[in-house]
Amino acid sequence: MRLDKILAQSGLGSRSEVRQFIRSGQITINGLTVRDPGYSEENLEQQTICLAGNPVLYHRHKHLMMNKPAGLITAHQDNRHETIMSLVPEIWINRGISPVGRLDRDTTGLLLLTTDGVLNHRLTSPRWEIWKTYQIVFSGEPLQECDVTRFKTGLTLSPAEQFRPARLTIIDNQSAELSIKEGKFHQVKRMFRAINRTVIQLHRIRIGPLKLDDSLEEGQIRELDDSEISALYEQVQLTGQD
Ligand code: URA
């Protein structure tokens with residue numbers, strides 16, 4: 001792959017910005033300055049490439065976690081409401097980053113975004129049964145052990161609609177944690193409605209092996225670290241090199 005493409009894919013800037021870095025002599029490969037943006041050699045991305053002496057970490061794909069605030073739609077564009085993309089730096093939008101699944105406008109918490117379409121598809125496909133965990137504040141009668149059992153055996157809404165087994169943990173009279181391994185429309189809210197409770201607050205804290213970083217304030221975003229990325233790829237039997 002060409003040097004300018006590797007640098008742009010690593011998030012250093014647009015193609016024209018990284019070409020400037022290269023032409024101005026700020027880029028070294030294994031300690032030697034290279035001034036040709038089109039420079040290419042086998043496995044170039046595995047060499048030690050530095051910008052002004054600092055190593056550039058090459059990631060073909062980008063993965064971000066957001067602590068989604070309430071009020072934003074999980075979509076690229078919306079005619080009426082602000083979307084989560086308003087929080088994403090343009091450099092990642094230009095690289096084609098997309099949310100993995102959806103959170104409702106009033107739902108907060110862990111939202112994963114990735115440029116890897118295969119990873120995205122597997123993490124959202126019911127076939128891969130990725131557990132997602134939500135913290136819930138609800139109104140109505142306190143939950144009972146029989147509700148836990150109903151969720152565990154798989155709640156039936158109608159002959160045509162059945163939810164897969166889910167793990168419900170009662171926290172107190174008004175709050176609970178629920179893990180589900182599918183992502184149907186308004187699923188948690190509909191499951192609670194089916195047992196005569198109303199979800200008042202919904203906050204996602206986990207997707208498979210990925211935990212929401214407690215230090216992320218609402219509206220903040222960070223890149224996943226290498227161990228988080230490997231755990232996600234492993235979960236859906238991808239290597240990240242596919
Ligand atoms: N279930 C819901 O009802 N809403 C969400 O945002 C996510 C899961």
Side-chain angles (χ1 to χ4, degrees), residues 63-78 80-88 97-114 119-141 143 147-148 150-158 160-171 174-214 216-221 232 235-236:
H63 317 277
L64 308 174
M65 76 160 75
M66 175 189 291
N67 184 356
K68 179 191 172 294
L72 302 187
I73 303 264
T74 310
H76 281 269
Q77 274 185 327
D78 189 87
R80 288 187 305 139
H81 301 292
E82 190 178 346
T83 74
I84 51 121
M85 284 304 189
S86 64
L87 300 177
V88 178
I97 202 141
S98 285
V100 176
R102 285 209 184 134
L103 290 179
D104 294 340
R105 187 164 169 233
D106 55 353
T107 302
T108 57
L110 177 60
L111 187 65
L112 172 66
L113 297 102
T114 181
L119 178 70
N120 193 331
H121 180 261
R122 290 202 186 177
L123 288 173
T124 45
S125 159
R127 194 167 89 76
W128 287 90
E129 303 198 329
I130 305 298
W131 286 98
K132 284 148 297 236
T133 304
Y134 297 85
Q135 290 174 336
I136 298 158
V137 177
F138 62 92
S139 64
E141 292 295 306
L143 291 167
D147 299 310
V148 176
R150 280 185 77 189
F151 277 24
K152 192 171 166 188
T153 47
L155 199 61
T156 305
L157 276 199
S158 69
E161 189 161 32
Q162 164 121 32
F163 293 116
R164 293 188 187 183
R167 301 181 194 134
L168 178 65
T169 308
I170 301 170
I171 307 289
Q174 294 249 276
S175 58
E177 244 178 56
L178 179 66
S179 297
I180 54 175
K181 54 182 175 179
E182 53 196 339
K184 294 182 176 164
F185 184 64
H186 294 331
Q187 177 157 347
V188 174
K189 291 173 186 163
R190 289 194 298 135
M191 288 174 86
F192 267 61
R193 215 167 289 142
I195 56 165
N196 296 318
R197 304 329 188 269
T198 304
V199 171
I200 297 172
Q201 280 172 30
L202 190 54
H203 180 73
R204 184 158 67 188
I205 53 168
R206 202 175 182 108
I207 301 172
L210 185 67
K211 254 183 85 236
L212 177 62
D213 183 336
D214 291 338
L216 274 189
E217 307 266 340
E218 278 194 8
Q220 281 188 327
I221 294 186
L232 278 176
Q235 181 86 49
V236 291

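As the structure lists them, so they are numbered: ligands from 1, and atoms in each ligand from 1.
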- What residues form a salt bridge (Lys or Arg N to Asp or Glu O under 4.0 Å) with R122, not counting sequence neighbours? none

- Could I get the full list of ring-ring contact (aromatic ring centres under 6.0 Å, His included) partners for F192, not counting sequence neighbours? F138, F151

- Query: Regarding H76 and T83, is there a side-chain donor-to-acceptor distance under 3.5 Å anywhere?
  - Reply: no

- Message: Which protein residues come within less than 4.0 angstrom of ligand 1, counting heavy atoms only?
- Response: L103, D104, T107, Y134, H186, Q187, V188, K189, L202

- Message: Closer than 3.5 angstrom, by distance alone: can the side chain of R206 be matched with the main-chain N or O of G208 as a donor-acceptor pair?
- Response: yes

- Task: Answer yes or no: is there a donor N or O on one side and an acceptor on the other, between the side chain of K68 and the main chain of R105, under 3.5 Å?
- Result: yes

- Among all residues two or more places apart in sequence or in another chain, which pass the side chain to side chain donor-acceptor pair (under 3.5 Å) test with D104? H186, K189

